[in-house]
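Worksheet: one structure, shown below.
From a predicted model like this one, the values you see are computed outputs, not experimental measurements. Excluded from the calculations below are hydrogen atoms, water molecules and symmetry mates; all remaining heavy atoms, backbone and side chain alike, are included. In the text below, chain A, chain B and the rest are named by the order of the sequence lines, each starting its count at 1.
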2 protein chains.
Amino acid sequence: MNSTLHTHRYLLQYAIKPSVQRTAVMDYLLKNRTHPTIDEIYTALSPSMPTLSKTTVYNTLNLFLEKGAVQALVIDEKNARYDIDTSAHAHFICKKCGKVYDIFGLKPEVFELPQNPNFTIDSVEIAYSGTCNACKES
Amino acid sequence: MNSTLHTHRYLLQYAIKPSVQRTAVMDYLLKNRTHPTIDEIYTALSPSMPTLSKTTVYNTLNLFLEKGAVQALVIDEKNARYDIDTSAHAHFICKKCGKVYDIFGLKPEVFELPQNPNFTIDSVEIAYSGTCNACKES
DNA sequence: TAATTGAGTTATAATGACTACAAAGATATA
DNA sequence: TATATCTTTGTAGTCATTATAACTCAATTA
């Protein structure tokens with residue numbers, strides 16, 4: 001099953017010129033909704049693309065960010081994490097294992113941008129933290 | 001005006017054994033509600049404490065974190081920032097100058113912790129971003 | 001008081017994420 | 001096909017943070 005065509009069109013929607021590497025990265029993001037880090041993306045793609053450079057993954061994600069195709073999460077202190085789902089949703093990070101999960105179904109007013117005379121606010125990020133069940137049990 | 005006594009008692013409330021360095025760092029945090037970075041704290045205290053080591057500032061803030069005396073903010077991708085105000089409030093970061101401001105007066109339900117069968121959620125951080133007035137004008 | 005112990009501090013080195021840069025490769029245009 | 005431009009790549013560099021080991025000093029004990 002070849003999803004390259006779909007991913008190709010997806011990139012063009014954001015005015016991103018497709019290349020083999022860009023298509024592979026975006027394809028990975030579309031299929032792995034796990035808020036991956038640069039290193040996770042690189043490690044996943046590297047076996048099937050041995051010449052891939054980690055710098056390219058950095059460049060590609062920075063380009064996706066500029067074009068608004070992905071969102072950078074600041075929930076993880078260690079690494080930048082990326083999310084292709086730019087709809088209104090929150091995140092949860094497990095302080096033990098470090099995994100990041102989506103939180104859907106919150107009240108819409110939580111995502112409202114407040115008026116403030118001192119700033120122009122144009123986005124909000126909501127980060128919950130605690131312990132996931134898997135870590136709790138162990 | 002000597003505030004060391006007050007700060008001294010403040011540390012003891014969190015079961016932190018006071019030392020000259022710890023008192024100085026906590027005193028700085030209490031008087032400068034600017035969500036400072038490690039480097040900002042070190043640079044501010046260094047002139048009056050020439051032997052102060054940056055490692056000590058790192059150690060001290062990590063101790064304060066463990067003891068719950070300060071909160072670490074994840075809003076800034078570049079550096080860790082620290083806040084002694086652990087009450088329910090949000091933050092705003094200006095994407096141009098990088099300064100972090102407090103946002104008070106939000107509806108209480110924004111800070112409510114949702115129930116979720118998969119996680120035990122014990123805190124929330126709300127991070128707005130955009131441009132501050134000063135950067136907008138320039 | 002003197003010796004001892006251990007917490008706290010310090011400086012240096014090491015780690016790791018991210019960026020800068022320049023060369024090599026691929027793609028588009030004439 | 002030739003040329004110009006974009007993209008990728010590897011290396012080197014930067015910077016925040018942590019690890020480590022030596023040192024300082026205050027509290028404790030004899």
Side-chain angles (χ1 to χ4, degrees), chain A residues 4 7-8 11-12 14-28 35-67 69-70 72-82 93 95 98 100, chain B residues 4 7-8 11-12 14-28 35-67 69-70 72-82 93 95 98 100:
Chain A
T4 305
T7 307
H8 201 275
L11 287 172
L12 291 174
Y14 289 96
I16 296 162
K17 208 171 179 179
S19 72
V20 175
Q21 291 83 352
R22 290 171 183 175
T23 303
V25 171
M26 181 54 87
D27 200 48
Y28 180 83
H35 323 93
T37 63
I38 293 288
D39 195 68
E40 284 166 358
I41 299 168
Y42 172 75
T43 303
L45 298 181
S46 195
S48 56
M49 295 183 78
T51 66
L52 182 66
S53 162
K54 197 177 275 191
T55 305
T56 300
V57 184
Y58 274 102
N59 291 342
T60 301
L61 267 297
N62 284 335
L63 177 68
F64 288 1
L65 271 181
E66 275 172 36
K67 299 291 188 178
V70 300
L73 304 187
V74 293
I75 195 172
D76 185 346
E77 297 146 349
K78 310 276 180 204
N79 310 296
R81 292 182 171 275
Y82 300 90
I93 187 167
K95 279 178 185 163
V100 174
Chain B
T4 305
T7 308
H8 201 273
L11 288 172
L12 291 174
Y14 289 96
I16 296 162
K17 206 170 181 180
S19 72
V20 175
Q21 291 82 353
R22 290 171 181 175
T23 304
V25 171
M26 182 52 87
D27 199 50
Y28 180 82
H35 323 92
T37 63
I38 293 288
D39 195 67
E40 285 166 357
I41 298 169
Y42 172 75
T43 303
L45 298 180
S46 194
S48 56
M49 294 184 77
T51 67
L52 182 66
S53 160
K54 197 178 274 191
T55 304
T56 300
V57 183
Y58 274 101
N59 292 341
T60 301
L61 268 297
N62 283 334
L63 177 68
F64 289 0
L65 271 180
E66 276 173 35
K67 298 291 186 176
V70 300
L73 305 186
V74 293
I75 195 171
D76 185 346
E77 297 146 349
K78 310 277 181 201
N79 310 296
R81 291 180 171 275
Y82 300 90
I93 187 167
K95 279 179 184 162
V100 174

I'd like to check the side chain to side chain donor-acceptor pair (under 3.5 Å) partners of B/Asp27; sequence neighbours left out, ordered by chain and number.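 B/Asp27: side chain to side chain donor-acceptor pair (under 3.5 Å) contacts with B/Ser3, B/Thr7, B/Lys31.
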Once you round it to whole Å, what is the distance between [atom2] of [N] and [atom1] of [X]?
X: B/Leu65; N: D/dT17; atom1: CG; atom2: P; value: 12 Å
X: B/Glu66; N: C/dG8; atom1: CD; atom2: C1'; value: 14 Å
X: B/Tyr42; N: D/dT17; atom1: OH; atom2: P; value: 15 Å
X: B/Leu45; N: C/dT9; atom1: CG; atom2: P; value: 13 Å
X: B/Arg22; N: D/dA26; atom1: CZ; atom2: P; value: 14 Å
X: B/Ile41; N: D/dA16; atom1: CD1; atom2: P; value: 14 Å

Pairwise distance CD1(B/Ile93) to CZ(B/Arg81) - rounded to 0.5 angstrom: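 Separation between the atoms: 6.0 Å.
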Compare every heavy atom of A/Ala72 with every heavy atom of A/Leu65, then report the nearest pair and how far apart it is.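 Result for this residue pair: CD2-N, 3.6 Å.
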Of all the heavy-atom pairs spanning A/Tyr42 and A/Leu52, show the shortest one and how long it is.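 It is CE1-O, 3.4 Å.
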Are the side chains of A/Ile75 and A/Val100 in touch, meaning some heavy atoms are under 4.5 Å apart?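 Yes, their side chains come closer than 4.5 Å.
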Considering residues at least two apart in sequence or located in another chain, which fulfil the side-chain contact (heavy atoms from CB on, under 4.5 Å) criterion with B/Asn59?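 With sequence neighbours excluded, B/Asn59 shows a side-chain contact (heavy atoms from CB on, under 4.5 Å) to B/Thr55, given in chain and number order.
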So, OP1 or OP2 of C/dA7: does either fall under 4.0 Å of a side-chain N or O from B/Ser19?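 B/Ser19 to C/dA7 OP1/OP2: no side-chain N or O under 4.0 Å.
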Could you run through nucleotides 10-28 of chain C and give me one letter per nucleotide, 5' to 3': B if any protein heavy atom sits under 4.0 Å from the base, S if only the sugar-phosphate is that close, - if neither? BBB----SBBB--------
